[in-house]
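Below is one structure, written out as C-alpha coordinates; the observations come after it.
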Amino acid sequence: MKNKVFVLGSYHCVYTFVSEELPSLGETVMGYRFKMSGGAKGHGQMLAAALAGAQVGGIMRVGDDTFGHLCIENFKRAGIDCTHVKIDPDHATGAAGVLLNRNGDNVITVVPGANAEITKEDIDQAENMIKDCAVAGFQFENNFDAIEYTIKKTHSLGVETMVDPAPVVKFNEDLYHYITYIKPNEVEASLLSGVEVTDTTSALKAGHILLDKGVNKAAVITMGGAGSVLVTHDTEKVFPSVPIEVRNTTCAGDTFAGVLVASIAQGLPLTECVVNATCVASCCVRRSPKDTIFDFFPSAEELEQIKRDYRKLL
(Lines give C-alpha, C1' and ligand atoms only; values in the text may rest on other atoms or scores of the structure.)
Protein backbone atom coordinates (compact mmCIF):
# COMPACT_ATOMS: atom_id res chain seq x y z
CA MET A 1 0.00 0.00 0.00
CA LYS A 2 1.33 3.42 -0.95
CA ASN A 3 2.53 5.51 2.00
CA LYS A 4 2.54 2.57 4.41
CA VAL A 5 5.79 1.31 5.93
CA PHE A 6 7.05 -0.83 8.77
CA VAL A 7 10.36 -0.66 10.58
CA LEU A 8 12.19 -3.42 12.40
CA GLY A 9 12.69 -1.28 15.45
CA SER A 10 15.08 -0.83 18.34
CA TYR A 11 15.07 1.29 21.48
CA HIS A 12 17.49 2.05 24.30
CA CYS A 13 17.54 4.14 27.41
CA VAL A 14 20.22 6.68 26.52
CA TYR A 15 22.72 8.33 28.85
CA THR A 16 24.45 11.29 27.21
CA PHE A 17 27.62 12.94 28.56
CA VAL A 18 28.91 16.19 27.03
CA SER A 19 32.47 17.47 27.41
CA GLU A 20 34.76 19.89 25.57
CA GLU A 21 36.73 17.01 24.04
CA LEU A 22 36.09 13.29 23.74
CA PRO A 23 38.39 11.31 26.03
CA SER A 24 41.27 9.33 24.55
CA LEU A 25 41.78 5.69 25.52
CA GLY A 26 42.42 5.56 29.26
CA GLU A 27 41.73 9.27 29.75
CA THR A 28 39.19 10.85 32.11
CA VAL A 29 37.71 14.22 31.18
CA MET A 30 35.34 16.50 33.04
CA GLY A 31 32.00 17.13 31.35
CA TYR A 32 29.51 19.96 31.65
CA ARG A 33 26.17 18.38 30.74
CA PHE A 34 24.34 15.10 31.36
CA LYS A 35 21.04 13.98 29.85
CA MET A 36 19.00 10.83 30.33
CA SER A 37 16.61 10.05 27.49
CA GLY A 38 15.46 7.26 25.20
CA GLY A 39 16.10 6.40 21.58
CA ALA A 40 17.87 4.18 19.06
CA LYS A 41 18.32 3.80 15.34
CA GLY A 42 15.08 1.89 14.85
CA HIS A 43 13.18 4.23 17.18
CA GLY A 44 14.44 7.32 15.38
CA GLN A 45 13.74 5.81 11.98
CA MET A 46 10.16 4.97 12.97
CA LEU A 47 9.40 8.39 14.43
CA ALA A 48 10.95 10.24 11.48
CA ALA A 49 8.97 8.18 8.98
CA ALA A 50 5.74 8.83 10.87
CA LEU A 51 6.38 12.56 11.25
CA ALA A 52 7.21 12.71 7.54
CA GLY A 53 3.66 11.58 6.82
CA ALA A 54 3.91 7.82 6.35
CA GLN A 55 1.62 5.30 8.02
CA VAL A 56 4.10 3.41 10.19
CA GLY A 57 3.99 0.10 12.00
CA GLY A 58 6.77 -1.37 14.10
CA ILE A 59 8.11 -4.82 14.91
CA MET A 60 10.27 -4.79 18.03
CA ARG A 61 10.67 -5.66 21.70
CA VAL A 62 11.16 -3.46 24.75
CA GLY A 63 11.51 -4.33 28.43
CA ASP A 64 8.74 -4.16 30.98
CA ASP A 65 10.32 -1.09 32.56
CA THR A 66 10.04 2.69 32.57
CA PHE A 67 11.93 3.19 29.32
CA GLY A 68 10.05 0.44 27.50
CA HIS A 69 6.70 2.01 28.33
CA LEU A 70 8.08 5.48 27.43
CA CYS A 71 9.04 4.14 24.01
CA ILE A 72 5.50 2.95 23.34
CA GLU A 73 4.12 6.30 24.52
CA ASN A 74 6.38 8.09 22.01
CA PHE A 75 5.22 5.83 19.22
CA LYS A 76 1.57 6.38 20.04
CA ARG A 77 2.15 10.14 20.15
CA ALA A 78 3.46 9.91 16.57
CA GLY A 79 0.53 7.74 15.47
CA ILE A 80 2.61 4.58 15.01
CA ASP A 81 0.84 1.20 15.01
CA CYS A 82 2.24 -0.66 18.03
CA THR A 83 0.38 -3.95 17.47
CA HIS A 84 3.68 -5.79 17.00
CA VAL A 85 5.73 -3.82 19.54
CA LYS A 86 6.02 -6.39 22.33
CA ILE A 87 6.84 -5.88 25.99
CA ASP A 88 9.38 -8.54 26.96
CA PRO A 89 8.91 -9.66 30.57
CA ASP A 90 12.32 -11.37 30.74
CA HIS A 91 14.72 -8.80 29.26
CA ALA A 92 15.32 -5.15 30.08
CA THR A 93 15.09 -2.38 27.52
CA GLY A 94 18.41 -1.87 25.76
CA ALA A 95 20.82 0.82 26.93
CA ALA A 96 23.24 3.20 25.21
CA GLY A 97 25.98 5.52 26.45
CA VAL A 98 26.70 8.57 24.26
CA LEU A 99 29.80 10.79 24.59
CA LEU A 100 29.56 14.18 22.86
CA ASN A 101 32.13 16.92 22.41
CA ARG A 102 31.51 20.65 21.94
CA ASN A 103 31.41 20.21 18.14
CA GLY A 104 28.65 17.61 18.31
CA ASP A 105 30.92 14.66 17.42
CA ASN A 106 29.97 11.48 19.22
CA VAL A 107 30.97 7.94 20.17
CA ILE A 108 28.31 5.47 21.32
CA THR A 109 28.28 2.15 23.16
CA VAL A 110 25.12 0.02 22.99
CA VAL A 111 23.88 -2.90 25.11
CA PRO A 112 20.94 -4.32 23.11
CA GLY A 113 18.80 -5.90 25.85
CA ALA A 114 15.31 -6.77 24.55
CA ASN A 115 16.30 -5.56 21.06
CA ALA A 116 18.29 -8.78 20.63
CA GLU A 117 15.38 -11.07 21.54
CA ILE A 118 13.22 -10.73 18.41
CA THR A 119 12.11 -14.15 17.15
CA LYS A 120 10.99 -15.55 13.81
CA GLU A 121 7.58 -16.01 15.43
CA ASP A 122 7.43 -12.25 16.10
CA ILE A 123 8.01 -11.64 12.39
CA ASP A 124 5.61 -14.31 11.16
CA GLN A 125 2.84 -12.92 13.37
CA ALA A 126 3.27 -9.56 11.60
CA GLU A 127 3.04 -10.99 8.08
CA ASN A 128 -0.29 -9.34 7.25
CA MET A 129 1.11 -5.95 8.24
CA ILE A 130 4.32 -6.53 6.28
CA LYS A 131 2.65 -7.44 3.01
CA ASP A 132 0.42 -4.37 3.23
CA CYS A 133 3.43 -2.03 3.16
CA ALA A 134 5.20 -0.30 0.27
CA VAL A 135 8.64 -0.36 1.90
CA ALA A 136 10.29 -1.52 5.12
CA GLY A 137 13.13 0.03 7.09
CA PHE A 138 15.93 -1.87 8.81
CA GLN A 139 19.00 -1.20 10.95
CA PHE A 140 21.47 -3.54 12.64
CA GLU A 141 20.73 -3.05 16.35
CA ASN A 142 18.69 -6.27 16.63
CA ASN A 143 19.84 -9.89 16.69
CA PHE A 144 21.11 -10.52 13.19
CA ASP A 145 19.25 -13.77 12.62
CA ALA A 146 15.99 -11.81 13.02
CA ILE A 147 17.23 -9.00 10.78
CA GLU A 148 18.22 -11.40 8.00
CA TYR A 149 15.01 -13.40 8.30
CA THR A 150 12.83 -10.28 8.17
CA ILE A 151 14.62 -8.75 5.19
CA LYS A 152 14.26 -11.98 3.21
CA LYS A 153 10.64 -12.49 4.23
CA THR A 154 9.77 -8.89 3.37
CA HIS A 155 11.39 -9.23 -0.04
CA SER A 156 9.54 -12.50 -0.69
CA LEU A 157 6.24 -10.71 0.00
CA GLY A 158 6.98 -8.16 -2.71
CA VAL A 159 7.77 -5.30 -0.32
CA GLU A 160 10.80 -3.08 -0.91
CA THR A 161 13.51 -2.95 1.78
CA MET A 162 15.68 -0.03 2.88
CA VAL A 163 18.66 -0.97 5.04
CA ASP A 164 20.66 1.42 7.21
CA PRO A 165 23.57 -0.96 7.99
CA ALA A 166 24.47 0.44 11.40
CA PRO A 167 26.13 -0.56 13.59
CA VAL A 168 27.99 -2.12 10.69
CA VAL A 169 28.75 -5.85 10.78
CA LYS A 170 30.01 -8.31 8.21
CA PHE A 171 27.23 -10.49 6.84
CA ASN A 172 26.60 -13.12 4.20
CA GLU A 173 26.74 -11.18 0.94
CA ASP A 174 23.80 -13.14 -0.44
CA LEU A 175 21.68 -10.77 1.67
CA TYR A 176 22.44 -7.89 -0.72
CA HIS A 177 20.09 -9.49 -3.27
CA TYR A 178 17.17 -8.91 -0.88
CA ILE A 179 17.99 -5.24 -0.27
CA THR A 180 16.24 -2.68 -2.48
CA TYR A 181 17.98 0.40 -1.08
CA ILE A 182 21.00 0.69 1.21
CA LYS A 183 21.99 3.81 3.18
CA PRO A 184 25.40 3.52 4.85
CA ASN A 185 27.46 6.44 6.08
CA GLU A 186 31.04 6.85 4.87
CA VAL A 187 32.52 4.55 7.54
CA GLU A 188 29.97 1.80 6.92
CA ALA A 189 30.29 2.15 3.14
CA SER A 190 34.07 1.81 3.44
CA LEU A 191 33.81 -1.41 5.44
CA LEU A 192 31.12 -2.95 3.22
CA SER A 193 32.60 -1.98 -0.15
CA GLY A 194 36.32 -2.21 0.56
CA VAL A 195 36.75 1.35 -0.77
CA GLU A 196 37.91 3.99 1.69
CA VAL A 197 35.25 6.69 1.37
CA THR A 198 36.86 10.10 1.83
CA ASP A 199 35.07 12.24 -0.76
CA THR A 200 32.28 12.14 -3.33
CA THR A 201 34.41 10.33 -5.92
CA SER A 202 35.20 7.44 -3.59
CA ALA A 203 31.61 7.44 -2.30
CA LEU A 204 30.28 7.02 -5.84
CA LYS A 205 32.71 4.16 -6.42
CA ALA A 206 31.59 2.48 -3.18
CA GLY A 207 27.95 2.89 -4.19
CA HIS A 208 28.53 1.09 -7.48
CA ILE A 209 30.29 -1.75 -5.68
CA LEU A 210 27.29 -2.18 -3.36
CA LEU A 211 25.01 -2.35 -6.40
CA ASP A 212 27.33 -4.90 -7.99
CA LYS A 213 27.07 -6.98 -4.81
CA GLY A 214 23.32 -7.23 -5.39
CA VAL A 215 21.53 -4.16 -4.00
CA ASN A 216 18.47 -3.94 -6.23
CA LYS A 217 17.90 -0.25 -6.94
CA ALA A 218 20.05 2.32 -5.15
CA ALA A 219 22.78 3.13 -2.67
CA VAL A 220 22.64 6.40 -0.74
CA ILE A 221 25.91 7.12 1.06
CA THR A 222 25.88 9.91 3.63
CA MET A 223 29.05 11.76 4.61
CA GLY A 224 28.00 14.20 7.31
CA GLY A 225 29.06 17.73 6.47
CA ALA A 226 30.35 16.57 3.07
CA GLY A 227 26.80 15.73 1.96
CA SER A 228 25.68 12.50 0.33
CA VAL A 229 25.60 10.64 -2.97
CA LEU A 230 22.88 8.68 -4.72
CA VAL A 231 23.95 5.82 -6.97
CA THR A 232 21.53 3.77 -9.09
CA HIS A 233 22.23 1.42 -11.99
CA ASP A 234 21.66 4.32 -14.39
CA THR A 235 22.52 7.53 -12.56
CA GLU A 236 24.78 9.25 -10.05
CA LYS A 237 24.00 12.42 -8.13
CA VAL A 238 25.87 14.38 -5.47
CA PHE A 239 23.96 16.24 -2.75
CA PRO A 240 25.76 18.89 -0.66
CA SER A 241 24.90 19.29 3.00
CA VAL A 242 22.66 22.13 4.12
CA PRO A 243 24.94 24.99 5.27
CA ILE A 244 24.09 25.33 8.97
CA GLU A 245 25.79 25.38 12.36
CA VAL A 246 26.10 21.80 13.58
CA ARG A 247 25.35 21.34 17.28
CA ASN A 248 24.63 17.62 17.66
CA THR A 249 24.97 14.85 15.06
CA THR A 250 23.28 12.19 17.21
CA CYS A 251 20.18 10.75 15.49
CA ALA A 252 20.85 12.60 12.22
CA GLY A 253 21.44 9.38 10.30
CA ASP A 254 18.32 7.77 11.78
CA THR A 255 16.24 10.83 10.92
CA PHE A 256 17.62 10.78 7.38
CA ALA A 257 16.79 7.07 7.05
CA GLY A 258 13.24 7.46 8.34
CA VAL A 259 12.42 10.36 6.04
CA LEU A 260 13.99 8.45 3.15
CA VAL A 261 11.74 5.45 3.85
CA ALA A 262 8.64 7.63 4.09
CA SER A 263 9.47 9.51 0.89
CA ILE A 264 10.02 6.26 -1.02
CA ALA A 265 6.69 4.93 0.26
CA GLN A 266 5.01 8.12 -0.94
CA GLY A 267 6.21 7.35 -4.47
CA LEU A 268 8.55 10.33 -4.85
CA PRO A 269 11.51 10.22 -7.27
CA LEU A 270 14.67 9.05 -5.52
CA THR A 271 16.36 12.43 -5.95
CA GLU A 272 13.45 14.11 -4.16
CA CYS A 273 13.58 11.44 -1.45
CA VAL A 274 17.21 12.35 -0.75
CA VAL A 275 16.41 16.07 -0.78
CA ASN A 276 13.66 15.53 1.80
CA ALA A 277 15.92 13.41 3.99
CA THR A 278 18.82 15.87 3.74
CA CYS A 279 16.70 18.88 4.67
CA VAL A 280 14.98 17.25 7.64
CA ALA A 281 18.30 15.85 8.91
CA SER A 282 19.67 19.40 8.85
CA CYS A 283 17.02 20.37 11.39
CA CYS A 284 18.21 17.50 13.57
CA VAL A 285 21.87 18.53 13.71
CA ARG A 286 21.14 22.16 14.53
CA ARG A 287 18.77 21.35 17.41
CA SER A 288 19.37 22.45 20.97
CA PRO A 289 20.41 19.86 23.58
CA LYS A 290 16.89 19.72 25.05
CA ASP A 291 15.06 19.20 21.76
CA THR A 292 13.49 15.87 20.85
CA ILE A 293 12.38 14.86 17.35
CA PHE A 294 8.95 16.27 18.17
CA ASP A 295 10.61 19.66 18.70
CA PHE A 296 13.01 19.85 15.76
CA PHE A 297 11.00 18.09 13.06
CA PRO A 298 9.88 20.80 10.60
CA SER A 299 6.30 21.46 9.60
CA ALA A 300 5.35 20.94 5.95
CA GLU A 301 5.62 24.68 5.36
CA GLU A 302 9.01 24.94 7.08
CA LEU A 303 10.32 21.98 5.10
CA GLU A 304 9.24 23.51 1.79
CA GLN A 305 11.15 26.70 2.63
CA ILE A 306 14.27 24.75 3.56
CA LYS A 307 13.97 22.77 0.32
CA ARG A 308 13.56 25.92 -1.78
CA ASP A 309 16.77 27.32 -0.34
CA TYR A 310 18.56 23.99 -0.62
CA ARG A 311 17.70 23.45 -4.29
CA LYS A 312 19.72 26.57 -5.10
CA LEU A 313 22.80 24.53 -4.13
CA LEU A 314 22.02 21.63 -6.48
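On a predicted model such as this, the values are computed, not experimentally measured, just so you know.
Annotation: side chain of Arg308 is not in contact with side chain of Tyr310 (no heavy-atom distance under 4.5 Å). The shortest side-chain heavy-atom distance between Thr109 and Tyr15 does not fall under the 4.5 Å cut-off. Contact annotation: the side chain of Pro167 never approaches that of Val110 to less than 4.5 Å [non-hydrogen atoms, C-beta and beyond]. Using a 4.5 Å cut-off on side-chain heavy atoms (C-beta onward), Val56 and Asp81 make no contact. Side-chain contact between Asn74 and Leu70 is present, with at least one heavy-atom pair separated by less than 4.5 Å. Thr16 has its side chain out of reach of Asn106: every pair of non-hydrogen atoms, C-beta onward, lies at least 4.5 Å apart. For the pair Val220 and Val231, the minimum side-chain heavy-atom distance is 4.5 Å or more. For the pair Asp164 and Pro184, the minimum side-chain heavy-atom distance is 4.5 Å or more.
Side-chain polar atoms of Thr93 and Asp65 form a donor-acceptor pair below 3.5 angstrom. Between the side chains of Asn142 and Ser10, no donor-acceptor pair is found at a separation under 3.5 Å. When only modelled atom types and interatomic distance are considered, Asn101 and Ser19 share no side-chain donor-acceptor pair under 3.5 Å. Asp145 and Asn143 share a side-chain donor-acceptor pair at under 3.5 Å. Remark: the Glu236 side chain and the His208 side chain contain an N/O donor-acceptor pair separated by less than 3.5 Å. The closest side-chain donor-acceptor pair between Asp212 and Tyr176, if any, does not fall under 3.5 angstrom. Using modelled atom types, one finds a donor on one side chain and an acceptor on the other under 3.5 Å when comparing Asp64 with His69. Residues Gln125 and Lys86 bring a donor and an acceptor atom of their side chains to less than 3.5 Å of each other.
Closest non-hydrogen pair, Lys183 versus Thr222, comes out as NZ-OG1, 3.6 Å. Scanning both residues, Met60 and Cys71, for their nearest heavy atoms gives CE-SG, 4.0 Å. The two residues Asp88 and Ala114 come nearest to each other via the heavy atoms CB-CB, 4.2 Å. Nearest heavy-atom pair across Ala54 and Asn3 is CA-OD1, 3.4 Å. Closest non-hydrogen pair, Ala281 versus Ala252, comes out as CB-O, 3.9 Å. Annotation for Gly9 and Ile118: closest pair O-CD1, 4.3 Å, computed over non-hydrogen atoms.
The line from OG of Ser282 to CZ of Phe256 is 11.0 Å long, rounded to the nearest 0.5 Å. Rounding to the nearest 0.5 Å places CD of Glu141 at 12.5 Å from OH of Tyr11. A distance of 10.0 Å separates NE2 in His233 from NZ in Lys217, rounded to the nearest 0.5 Å. For the atom pair Glu20 CD and Leu100 CG, the distance stands at 12.0 Å (nearest 0.5 Å). Going from atom OG1 of Thr83 over to atom CG of Asn128 covers 11.5 Å, rounded to the nearest 0.5 Å. The structure places OG of Ser37 at 12.0 Å from NE2 of His12, a figure rounded to the nearest 0.5 Å.
Surrounding NZ of Lys76 are at most 12 heavy atoms belonging to other residues, nucleotides or ligands under 6.0 Å away. No more than 12 heavy-atom neighbours from other residues, nucleotides or ligands sit within 6.0 angstrom of CD on Glu196.
Side-chain atoms of Ser299 come within 3.5 Å of backbone N or O of Glu302 as a donor-acceptor pair. Asn115 places a side-chain N or O within 3.5 Å of a backbone atom of Pro112 that can act as its donor or acceptor partner. Of the possible donor and acceptor atoms, none in the side chain of Gln45 sits under 3.5 Å from a partner among the backbone N and O of Gly42. Looking at Asn185, its side chain does come within 3.5 Å of a backbone N or O of Val187 through a donor-acceptor pair. Under a 3.5 Å cut-off, the side chain of Thr180 and the backbone N or O of Asn216 do not form any donor-acceptor pair.
Ile80 is connected to Val280 through a chain of hydrophobic side-chain contacts under 4.5 Å among Ile, Leu, Val, Met, Phe, Trp and Tyr, so both are in one cluster. In the hydrophobic clustering of this structure, Val215 groups with Val197; members are Ile, Leu, Val, Met, Phe, Trp, Tyr whose side-chain heavy atoms approach within less than 4.5 Å, directly or through other members. When hydrophobic clusters are built by joining Ile, Leu, Val, Met, Phe, Trp and Tyr residues whose side-chain heavy atoms come closer than 4.5 Å, directly or via intermediates, Met223 is not grouped with Ile209. Under the 4.5 Å side-chain contact rule for hydrophobic residues, Tyr178 and Val135 do not share a cluster. By the rule that hydrophobic residues join a cluster once side-chain heavy atoms approach within less than 4.5 Å of another member, Phe138 and Leu210 end up as members of one cluster.
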(request) Show the numbers, then the answer: is there a side chain to side chain contact (heavy atoms under 4.5 Å, CB included) between Leu260 and Met162? (result) CA-CA 9 Å; Leu260 184 66; Met162 196 294 295; 4.2 Å; yes
(request) May I have the step-by-step check of side chain to side chain contact (heavy atoms under 4.5 Å, CB included) for Asp291 and Phe297, ending in yes or no? (result) CA-CA 10 Å; Asp291 285 346; Phe297 206 95; over 6 Å; no
(request) Give the C-alpha distance, both sets of side-chain angles, the deciding distance and a yes or no for side chain to side chain contact (heavy atoms under 4.5 Å, CB included) between His177 and His155. (result) CA-CA 9 Å; His177 296 279; His155 184 274; over 6 Å; no
(message) Run the side chain to side chain contact (heavy atoms under 4.5 Å, CB included) test on Glu21 and Val29 for me, step by step, so that the C-alpha distance in whole Å, both residues' side-chain angles and the decisive distance to 0.1 Å come before the verdict.
(response) CA-CA 8 Å; Glu21 301 289 346; Val29 299; 5.6 Å; no
(request) Begin with the C-alpha distance, continue with both residues' side-chain angles, and end with the deciding distance and a verdict on salt bridge (charged side-chain N to carboxylate O under 4.0 Å, His left out) for Asp132 and Lys4. (result) CA-CA 7 Å; Asp132 199 30; Lys4 190 168 185 179; 2.9 Å; yes
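Comment: Glu127 engages Lys153 in a salt bridge, judged by a side-chain N to carboxylate O separation of less than 4.0 angstrom. The pair Asp122-Arg61 meets the salt-bridge criterion, with a side-chain N (NZ, NE, NH1 or NH2) lying under 4.0 Å from an Asp/Glu carboxylate O. The existence of a salt bridge linking Lys152 and Glu148 is confirmed by a sub-4.0 Å separation between a basic side-chain nitrogen and an acidic carboxylate oxygen. At a threshold of 4.0 Å, the pair Glu304-Lys307 counts as salt-bridged, since one of the basic side-chain nitrogens sits closer than that to a carboxylate oxygen. Note on Arg311 versus Glu272: salt bridge recorded, some NZ/NE/NH1/NH2 to OD/OE distance being below 4.0 Å.
Ring orientation note: the planes of Phe75 and His43 are tilted relative to one another, at an angle of 30° to 60°. Phe171 and Phe140 have perpendicular rings, their planes meeting at more than 60° on a 0 to 90° scale where under 30° would count as parallel.
At least one cation-pi condition fails for Arg286 and Phe296: the charged atom is not both under 6.0 angstrom from the six-membered ring centre and inside a 45 degree cone around its axis. Both tests pass for Lys237 against the ring of Phe239: distance under 6.0 Å to the centre and angle within 45° of the axis.
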